[in-house]
Amino acid sequence: MIENLVIVESPAKAKTIERFLGKSYMVKSSFGHIRDLAKKNLGIDIESDFAPQYMVPADKKKVVKELKSLASESKMVWLATDEDREGEAIAWHLFEVLGLDRENTRRIVFHEITKDAIQRALENSRHIDDHLVNAQQARRVLDRLVGFELSPLLWKKIKPSLSAGRVQSVAVKLIVEKEREIQQFKPKKYFRVQATFSPTGSPEGQLSFKAELNKRLESLEEARKFLALCRDSHFQVDQVEKKPLKKAPAPPFTTSTLQQEASRKLGFSVNQTMSVAQRLYESGKITYMRTDSVNLSKLAIGTAAAQIRKLFGEKYVKSRNFTTKSKGAQEAHEAIRPTYMEQSSIEGSRTEQRLYELIWKRTLASQMSQAELEKTSVHISVSQAREKFVASGEVLIFDGFLKVYMESSDEEQSDEQKGRLPVLQSQDELQREVIEATEKHTMQPTRYTEASLVKKMEELGIGRPSTYAPTISTVQQREYVVKEDRPGKQREIQVLKLLGEHVGEEAMTENYGFEKGKLFPTDIGIIVNDFLEQNFENIMNFNFTASVEKEFDEIAEGQLNWSSMIERFYRPFHSRVESTTETSERTKGEKLLGKDPASGKPVSVKIGRFGPIAQIGEASDEEKPRFASLLKGQSLETISLEEALDLFRLPRTVGEFEGEELVVGIGRYGPYVRHKSKFFSLAKNDDPLTIEQDRAIEIIVEKRTQEQNRNIKQFDEEPGLFILNGRYGPYISFQKKNYRIPKNKNPEELSLEECREIIRKAGSRSKK
DNA sequence: CAGTGAGCGAGCTTCCGCTTGACTT
């Protein structure tokens with residue numbers, strides 16, 4: 001007989017709690033939800049008040065079986081799942097599936113894992129909150145109805161296997177809308193004027209500082225005029241303003257802010273962040289990593305203060321507790337923090353160490369004093385003009401939390417320098433060293449990264465900490481969105497420079513628009529988005545989740561019946577699905593671009609079986625239409641007639657080599673030149689439309705010498721084993737598998753025995 | 001692994017939120 005059986009959601013949590021409780025407690029975990037709606041069909045009986053049909057999924061049968069038998073031998077079962085809507089529902093499903101009875105079951109909650117909190121929880125047990133459970137059922141049923149009615153509609157009208165849902169469709173919409181904003185964006189030109197001054201009489205260059213004109217100039221004309229005025233002006237300090245400035249640390253990490261900072265500071269994808277954090281959690285180094293709370297336990301605040309005192313002194317200690325602002329936060333856990341604040345670093349892989357240090361620093365900083373700065377603005381008058389130059393400087397008076405941590409931002413860094421200024425007073429004369437007017441363009445909106453999309457979703461209250469990373473993966477898997485780098489473009493800018501008595505003018509080129517790891521909508525993403533927007537405006541509305549959440553809250557309060565709430569949503573929604581099924585055309589995103597000047601036939605683009613294509617002629621024509629795939633980076637929405645026609649210029653023959661044709665084309669893996677039925681990739685800056693014979697031959701010869709250098713060594717006794725030179729250096733290839741060569745070994749001198757040893761070692765490692 | 005794009009149709013796809021492994025590279 002077991003005295004007490006405690007069930008929590010996570011096995012790592014179970015282990016920790018078991019340590020805090022005495023021998024009379026056994027702690028087990030449910031591994032999250034143990035039941036879900038049936039997967040076949042809807043899993044909901046629409047005609048019986050939306051009665052859910054719950055099933056235990058195959059991969060949960062084992063857990064359920066074990067818990068059931070343990071529960072039957074237990075005197076008391078404590079359901080200690082999380083204190084939120086989902087946790088309450090898990091407790092209820094456990095109650096139902098394990099066949100528990102009310103007398104021997106208690107519901108308890110704790111949102112921090114400390115001995116005190118657990119003890120308090122045991123003393124304050126309650127029963128399952130049915131209203132909260134109903135709110136969860138409403139949430140679950142609504143999501144199933146939306147997802148399982150909209151997705152099949154997309155299969156019929158657009159393409160099989162597509163998906164739509166309350167969360168993912170809005171995530172895609174954010175990306176589509178951002179892309180359209182960027183397309184419509186027209187940069188405005190202006191001139192920014194910067195000057196370098198120094199106090200009159202000071203040794204050249206030593207005390208010089210930069211100042212910026214307080215006004216942007218509209219045109220080249222204006223910039224010329226202004227610099228001419230400057231040439232004949234003298235400069236004087238007008239006013240010196242000093243302001244104290246205080247900066248407060250950011251709150252400790254939640255899932256969303258951890259993903260953002262790990263992306264900005266460490267370059268991690270949201271998936272990577274979550275899997276590294278999971279390992280840290282499982283090895284007991286950090287608290288739970290899926291949380292929307294910025295709360296820290298009293299214990300953590302105390303140990304952080306002690307740590308700060310020890311490292312930096314009392315002056316740096318400032319204990320505070322933060323409150324959560326994000327929409328729909330349920331705060332079942334603490335913020336993400338180190339389990340032991342006294343551990344500033346850990347053992348583990350490099351990525352684990354880096355993420356841990358980030359978490360440690362952020363947590364510590366959140367309990368440290370404000371930083372104090374003094375901001376100085378110096379206004380400088382120009383004798384011949386009204387405009388003024390402003391120089392700003394920041395001096396750190398007390399570093400406070402900045403000693404360990406500074407939050408990063410998504411905005412591109414401005415090149416404005418803020419540093420120390422020389423000591424200046426009103427009326428001081430200044431000498432100009434150089435004044436520069438540089439042509440600038442206003443910046444287009446910034447595309448989302450994975451992490452900044454999570455930030456936006458959190459602001460809108462869409463998705464939960466446990467779903468941010470999976471949602472981002474889903475929209476990429478469905479090919480609604482791609483994460484890509486895009487090369488920048490170049491443009492010419494004018495730079496005017498006043499040096500001595502001379503104003504020079506120079507045209508320079510500037511790179512802009514380079515994107516790294518940004519999210520772009522695909523054509524299919526755009527088509528699905530527009531289809532849903534047109535027919536299901538309410539679900540695509542950014543406030544949809546917020547407004548249903550409000551109703552879920554009312555259900556949780558017991559003021560609203562869940563099935564009637566669903567009824568009110570479902571009836572109009574379902575009839576919309578039906579009417580759309582009947583009336584809307586099957587859409588392939590077809591778009592007519594114009595006429596082909598050569599044949600006079602229409603040129604159009606659409607989504608074909610294998611992706612976006614351009615087409616000359618129509619299917620009904622006597623002669624079959626010609627097709628060509630769009631290139632990476634092109635889209636149905638923006639492609640021009642000229643660009644589409646260019647696609648048909650390939651493949652083209654550019655000459656011959658060794659008696660055979662050289663054919664240039666673009667395949668699935670990019671531009672290539674084909675020769676004797678072998679393919680050679682073109683280099684990045686080769687344009688397949690203009691490349692000529694000589695360059696094509698050069699590419700082929702290059703590739704051949706590379707191949708010759710590929711083979712380093714081979715053994716007669718083992719003909720299947722090669723030592724090769726690859727992209728990442730030398731390696732051993734054996735039976736279609738590759739093996740790394742230890743750095744201290746010279747690949748050319750390896751013996752067969754040594755190679756076999758390397759393969760054996762690698763084999764035994766992967767089995768572990 | 002790189003020139004694809006007809007048309008028919010069986011059987012399948014799909015949601016969000018809570019948890020980990022079991023996989024492969």
TODO: Scan for salt bridge (Lys or Arg N to Asp or Glu O under 4.0 Å) pairs involving residues 156-170 of chain A, sequence neighbours excluded, and state none if there are none.
DONE: A/Asp143-A/Arg166

- [ ] Check for a donor-acceptor pair, side chain of A/Asn41 on one end and backbone N or O of A/Gly43 on the other, with a separation under 3.5 Å.
- [x] no

Restricting to nitrogen or oxygen on both sides, can you table the protein-nucleotides 20-22 of chain B pairs closer than 3.5 Å?
| unit_1 | atom_1 | unit_2 | atom_2 | d |
| --- | --- | --- | --- | --- |
| B/dT20 | OP1 | A/Ser10 | OG | 2.5 |
| B/dT20 | OP2 | A/Gln278 | NE2 | 3.2 |
| B/dT20 | OP2 | A/Arg290 | NH2 | 2.7 |

TODO: Start with the C-alpha gap between A/Glu86 and A/Gln330, add the side-chain angles, then the distance that decides, and say whether side-chain hydrogen bond (donor to acceptor under 3.5 Å, both in side chains) holds.
DONE: CA-CA 10 Å; A/Glu86 298 296 326; A/Gln330 306 196 7; over 6 Å; no

Open item on the list: Using a 4.0 Å heavy-atom cut-off, does A/Gly87 contact any base of the nucleic acid, only the sugar-phosphate backbone, or nothing at all?
Closed with: nothing

TODO: Write out the stems for DNA chain B, ordered by first number and formatted as range with range, counting runs of at least 3 consecutive Watson-Crick or G-U wobble pairs under 3.5 Å.
DONE: none

Open item on the list: Which label fits A/Tyr288 and A/His333: parallel for a plane angle under 30°, tilted from 30 to 60°, or perpendicular past 60°?
Closed with: tilted

Open item on the list: Regarding A/Thr471, tell me which of base, sugar-phosphate or nothing describes its non-hydrogen contacts under 4.0 Å with the strands shown.
Closed with: nothing

Open item on the list: Ring-plane angle category for A/Trp92 and A/Tyr54, please: parallel below 30°, perpendicular beyond 60°, tilted otherwise.
Closed with: perpendicular

Task: A/Arg478 charged N/C atom sitting above A/Tyr480 aromatic ring, 6.0 Å / 45° - done: no

- [ ] Name every residue in residues 53-65 of chain A that has at least one heavy atom under 4.0 Å from any atom of DNA chain B, in order of residue number, or write none if there are no such residues.
- [x] none

Task: Geometric cation-pi criterion A/Lys456 and A/Phe542, 6.0 Å radius, 45° cone - done: no

Open item on the list: What's A/Gly611 touching, base or sugar-phosphate or nothing? Going by heavy atoms closer than 4.0 Å.
Closed with: base

TODO: Identify the two heavy atoms, one from A/Phe552 and one from A/Leu142, that lie closest to each other, and give their separation to 0.1 Å.
DONE: CZ-CD2, 4.3 Å

Open item on the list: Rounding to an integer number of Å, can you tell me how far A/Lys15 NZ sits from B/dT19 C1'?
Closed with: 15 Å

Task: 5'-most by nearest nucleotide on DNA chain B - A/Pro612 or A/Ser169 - done: A/Pro612

- [ ] Could you tell me whether the side-chain ring of A/Phe679 sits stacked on the base of B/dA2, using a centroid cut-off under 5.5 Å and a plane angle under 30°?
- [x] yes

TODO: Assert yes or no for the condition that the ring centre distance of A/Phe680 to A/Tyr672 is strictly below 6.0 Å.
DONE: no

Open item on the list: Could you tell me how far apart A/Gln615 (CD) and B/dA6 (P) are, to the nearest whole angstrom?
Closed with: 10 Å

Task: Distance-only donor-acceptor check, side chains A/Glu331 and A/Thr324, under 3.5 Å - done: yes

- [ ] Could you tell me whether the phosphate oxygens of B/dC16, OP1 or OP2, come under 4.0 Å of any side-chain nitrogen or oxygen in A/Arg464?
- [x] no

Task: Separation of B/dG17 P from A/Ile472 CD1 (nearest whole Å) - done: 13 Å

Task: Lys/Arg N to Asp/Glu carboxylate O, A/Asp596 vs A/Arg626, below 4.0 Å - done: no

Task: Full working for side chain to side chain contact (heavy atoms under 4.5 Å, CB included) between A/Thr254 and A/Ser293 - done: CA-CA 6 Å; A/Thr254 61; A/Ser293 168; 5.9 Å; no

Open item on the list: Within the 4.0 Å limit for protein heavy atoms, which parts of nucleotides 7-15 of chain B are touched? Write it as a string from 5' to 3', B for base, S for sugar-phosphate only, - for none.
Closed with: ------BBB

Open item on the list: Quick test of your reading: applying side-chain hydrogen bond (donor to acceptor under 3.5 Å, both in side chains), list the pairs with at least one residue in residues 57-68 of chain A, sequence neighbours left out, ordered by first then second residue.
Closed with: A/Lys28-A/Glu66

- [ ] Report yes or no: does A/Ser563 contribute a side-chain atom to a donor-acceptor pair with the main-chain N or O of A/Phe50 at less than 3.5 Å?
- [x] no

